[in-house]
Amino acid sequence: MPIINEEIASAFGELADLLELTGADRYRILAYRRAAATLAGFARDVGKISEKELTGLSGIGRATASKVREFIETGTMRALEDARAELPPGVLEMTTLPGMGPKKAMLLHSELGINTIDELQTAIEGQRLRELKGFGSKTEEKLLGAIGRRAHASKRFLLEGAFELADEILRELRALPQVSRAEYAGSLRRMKETIGDLDILAAADDPAPVMEHFASMRFGRKRGSIARGPTKSSIVTKAGLQVDLRVVAPDEFGAALQYFTGSQAHNVAVREIAVKKGMKLSEYGLFTVEDGKRIAGATEEEIYQALGMQTPLPTMRENRGEIPLALDERLPSVIRREDIKGDLHAHTVYSDGTGSVAEMVQAGAEMGYSYFAITDHGGGRWRFTEKIIRKQRQEIERVSRELGGGMTVLQGVEMSIRPDGSFAFSDEVLASFDFVIASVHDALGMDPDAMTRRLIRVMEHPEVNIIGHPTSRRLQKRPPISFDLEAVFRAAAANDVALEISAHPERIDLKDDHVRLARELGCLFSIDTDSHGPGRLHRMRYGVGTAQRAWVPAEEVINTWPLQRLKKFFAKKA
DNA sequence: GCCGTTTTCGGCCCGACTGTTTTCAGTCG
């Protein structure tokens, strides 16, 4: 999705946060949040759509549309700048601590003059918080813990932002006449759940114009600091992500790509194989030791082939057993993006999604799926009554006839799991859905034994088919819930409940290590995006990448199956 | 600030959990 959409969404989000601190009308705040969500979920560049189309988007009216245009023209919004000027920036930052919302942050600011997280830490250590109403020893303890974790977290970036930036850079580089190939490498290509920096490679005989162009590109609107050499340039984006571009000769491209993709452990092992065969592998190519003659280098495949190996997928290059198998020509076949026949987790405006049923179905059809599921939230605050469930069912049936293009649209539901492992809906209501996802959304801090019981009870429920984002973590925001992974995974396998691999970039849940464990215990998986807007469905690739990192074959992923087999699985009659 | 096959004005953001305040405010999803 276009970077400008994300930027404007983030500006509205910040505006809403700031207004919340200073106590603006809550519905105005809500309106900005809705506008932000809509823009973030919109697939096309908002700068390139008509006024009518813009105000036609849900949650965008005259005032927000004019702010959108203002941002496109000036790079900011008057209202945002005014709101920023009202408070020290650290006050907003304090609200990123779990348990610290706008009310508490403002109280600390106004009563104790605390304006940064550092000052907060000092105040807690000096036991000054206890004087304030609403602050006790537990709060102090929690905040100190959160501040500590924050200090230890190294600066890593979520996949999505990095991917979008990489895609944009590649699009521009590939359009240059001098560039014959361009790819991203590094941990992004291996699809690690977070990445430290972005490595881009381009093949060109003459690097100078490529470097020139790279230096002139805008990164997230603001040109970052830049270091330039003849074949390597580095830029640090506004967000702090370092982007390295290396330009290599076309006949070195494969070697460079292999080298910069890593992982380091994989490369070390591959080089050892080269040495044993009387060859030398570097980022410039594969050479004979004897006379330094180039054997391979233009593509990765020819390098691996020359070493007598299959080419492992980038996502499998972690030296976790892939090398002996590649040497034996026995690399397992793992899932590919094109194996996915449908997305089984998506929200609409019936709960907290930004898209209508029609918009989501259309987006699903555009992904080329043969089936697609609408799974709004059941229970909790969403008044998803039996009447509304029926209404949604009718809407789904009508819309899928009109827009589905032959795609089957299922009506599922994502049920919040209560602390005792029960649901807000009766079994009868649950049975009226095509299938049921069950997810932990609250009471995240339960002790592991209780959490394990809670989840096992869910596994044994006859209507439950998928556990959504099983550890409920939020990358860089919230740790996973604690439970006995093995016991719960065993229960899933025994009860025909699939474990979700959420492709949501903030979740990536299950993560690769957990998927590996679950595979060993015989579990099946469902790779889903948990999309809350029509522009999010492409996130499927992060889930597929995660599954690949755990060597999952398509066969073990229920949403690669034909619809009839999937339905049997949901009916637990497989 | 947005929105309308119940409304162009009056709704919209609610239920559960947590910690602390003994009756509930703040936070989170």
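Sequence lines set the chain letters: A, B, ... in the order given, protein chains first and strands last, and positions in each chain run from 1.
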Side chain of A:R478 - closest among B:dC2, B:dG26, B:dG29: B:dG29
Looking only at the side chain of A:K67 (C-beta and beyond, no hydrogens), which of the listed nucleotides B:dG26, B:dG1, B:dC17 gets closest? B:dG1
Length of the CD-C1' vector between A:E111 and B:dG26, whole Å: 16 Å
Roughly how many Å is it from CG in A:L15 to P in B:dC2, rounded to a whole number? 12 Å
Under a 4.0 Å N-O cut-off, is there an ion pair linking A:R69 with A:E73? no
Using whole Å, what does the distance between atom C1' of nucleotide B:dC17 and atom CG of A:D447 come to? 16 Å
Could you please name the option among B:dT20, B:dT18, B:dC17 that lies closest to any side-chain atom of A:K138? B:dT20
Separation of atom NZ in A:K104 from atom C1' in B:dA25, rounded to whole Å: 9 Å
Send over the distance from A:R34 CZ to B:dG29 C1', rounded to a whole Å. 15 Å
Ion pair present between A:E70 and A:R78, side-chain N to carboxylate O less than 4.0 angstrom? no
To the side chain of A:D442, which of B:dT27, B:dC17, B:dC13 is closest? B:dC17
Figure out the CZ/P separation between A:R454 and B:dC17, and round it to whole Å. 8 Å
Mutual orientation of the aromatic rings belonging to A:Y32 and A:F12 [parallel < 30°, tilted 30-60°, perpendicular > 60°]: parallel
Separation of atom CG in A:L30 from atom P in B:dG29, rounded to whole Å: 17 Å
Taking the inter-plane angle between the rings of A:F483 and A:F489 on a 0 to 90° scale, is it parallel (under 30°), tilted (30 to 60°) or perpendicular (over 60°)? perpendicular
Could you check A:L444 against A:K142 and say which one's nearest nucleotide on DNA chain B is further toward the 5' end? A:K142
Which one is paired to B:dT8, where only Watson-Crick or G-U wobble pairs with both distances under 3.5 angstrom count? none
Nearest-Å distance for atom pair CD1/P, residues A:I29 and B:dG26: 14 Å
Using the aromatic ring of A:Y27 (for Trp, its six-membered ring), decide whether it stacks on the base of B:dC2 within the limits of 5.5 Å and 30°. no
